[in-house]
There are 2 protein chains.
Amino acid sequence: MKLLDIGEVAELCGLPASTLRFYEEKGLIASVGRRGLRRLFDGEALDRLSLIALGRSAGFSLDEIGDMLGLDGPPRIDRARLAERADELDQTIRRLTALSKALRHAAECPAPSHMECPTFNRLRRAAVARGREARSPAKRAPSPRSGS
Amino acid sequence: MKLLDIGEVAELCGLPASTLRFYEEKGLIASVGRRGLRRLFDGEALDRLSLIALGRSAGFSLDEIGDMLGLDGPPRIDRARLAERADELDQTIRRLTALSKALRHAAECPAPSHMECPTFNRLRRAAVARGREARSPAKRAPSPRSGS
DNA sequence: ATACGACTTCAAGTCCACTTGAGGTCAACC
DNA sequence: GGTTGACCTCAAGTGGACTTGAAGTCGTAT
């Protein structure tokens, strides 16, 4: 299997090399060796990076992801936790759906102030209400680096 | 209209008083006056706080929300931006939906390693793919303060 | 009148996920 | 064999959104 330079991995996964070093330092990924000083990665690193991206976009912190993937080692995944997080995600999805509708309505509604519009207020309440019980932020996947 | 102490506002909106002071400092909310040193708020602050919560949960930064609500003043909302963000939210929703399915599948699938499961891999790709073009994180609504 | 506790200010600290900078190494190409 | 540019390490810095701490003020209940 072809071994990859950190720059190639960076290219393939869309993360800057500094982030890959940072992830390695945290034990989230591992290089299979070095050529001189340079790290060499194999396909497993790419798999793990894809799982990391998945976890990040599900709102897990890097530490949580580390727990789940097994810091250095084969992924061992806590199924109960995944199901729980899936439930939370479904909540979030419902909330964001209400939110999207509210935004779209606000963008079109001619009422002078949105606070006077019953439709907006209904959607607003729907969007915010569920947020109260959220556990931690669900971030989008890390954005690609700015350059290029 | 009844005027509210910062503690009462905090109680009503579920944010700590320190956050309300912080928001006031940023110009996101304003008190209508003071009783001695103490800030007094009216209903409008609650409305704005609810819009702030809405904006936060849509993934706007406090600065962006400040722009939209008009730092100190009546909300003047950029409709094009709202529609644009609604589109982005819809993207996020689709991604999170794939993600939720992937997590749920991972929680149930008996395959020894998820990386070997075609279903998981398909969902994984679907969940991660769209994340590449995301602009900024869509956070959940701010969590209620820890105590009580 | 006095004590209490909820408020006040301002500066500094925290957390997370990275990024940046300085100074150094070295594999590969000409 | 020399240059180059991608890599290396380690420490420190960044940004957003708050939180905490110290020291002080003051409305309200007893």
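Here is how names work: the chains are called A, B, and so on, in the same order as the sequence lines, proteins then strands, and each is numbered from 1.
- Following rounding to the nearest Å, F60(A) (CZ) and dA17(C) (P) show an atom-to-atom distance of 13 Å.
- Distances shorter than 4.0 Å separate some side-chain N or O of Y23(A) from OP1 or OP2 on dC18(C).
- Residue L20(B) contributes atom CG, which lies 10 Å from atom P of dC18(D) at whole-angstrom precision.
- As rounded to whole Å, 14 Å separates atom C1' of dT19(D) from atom CG of L62(B).
- Minimum atom distance to the side chain of R21(A) is reached by dC8(D), of the listed dT8(C), dC8(D), dT19(D).
- At the heavy-atom level, D5(A) lies under 4.0 Å from the strands shown only through sugar-phosphate atoms.
- Rounded to a whole Å, the CG atom of L3(A) is 15 Å from the P atom of dC7(D).
- One atom, CZ of R34(A), and another, C1' of dC26(C), lie 13 Å apart when rounded to the nearest Å.
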Exercise. How does protein contact run along nucleotides 20-30 of chain D, one letter per nucleotide 5' to 3', with B for base contact, S for sugar-phosphate only, - for none, heavy atoms under 4.0 Å?
Worked result: B----S-S---
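- Here the closest non-hydrogen pair linking L3(A) and L40(A) is CD1-CD1, 4.1 Å.
- Rounding to whole angstrom units, CD of residue E25(B) and P of dC10(C) are separated by 8 Å.
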Taking distance alone, no hydrogens or angles, what donor-acceptor pairs closer than 3.5 Å link side-chain atoms of residues 102-110 of chain A to residues at least two apart or in another chain?
unit_1, atom_1, unit_2, atom_2, d
R104(A), NH1, D87(B), OD1, 3.0
R104(A), NH2, A86(B), O, 3.4
R104(A), NH2, D87(B), OD1, 3.2
R104(A), NH2, D90(B), OD2, 2.4

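- In terms of position along DNA chain C, the nucleotide closest to I6(B) lies nearer the 5' end than the nucleotide closest to the other residue of the pair I6(B) and S61(A).
- Nucleotide dG16(D) holds its P atom 10 Å from the CD atom of E64(B), rounded to whole Å.
- Atom P of nucleotide dG5(C) and atom CD of E8(B) are separated by 18 Å, given to the nearest angstrom.
- A salt bridge links R85(B) and E88(B); the closest N-O separation between the charged side-chain nitrogens and carboxylate oxygens is under 4.0 Å.
- Judged by distance alone, with hydrogens and angles left aside, the side-chain atoms of T97(B) form a donor-acceptor pair with the main-chain N or O of I93(B) at under 3.5 Å.
- Residues C13(B) and I52(B) fail the side-chain proximity criterion, which asks for heavy atoms closer than 4.5 Å.
- For F22(B), whose side chain is taken as the heavy atoms from C-beta onward, the closest listed nucleotide among dT9(C), dA17(D), dC18(C) is dA17(D).
- Judged purely by atom type and a 3.5 angstrom limit, S50(A) has no side-chain atom pairing as donor or acceptor with the backbone of L46(A).
- Inter-residue side-chain proximity for E44(B) and V32(B) is flagged as unmet; no heavy-atom pair is nearer than 4.5 Å.
- For T19(B), no side-chain nitrogen or oxygen approaches OP1 or OP2 of dA17(D) to under 4.0 Å.
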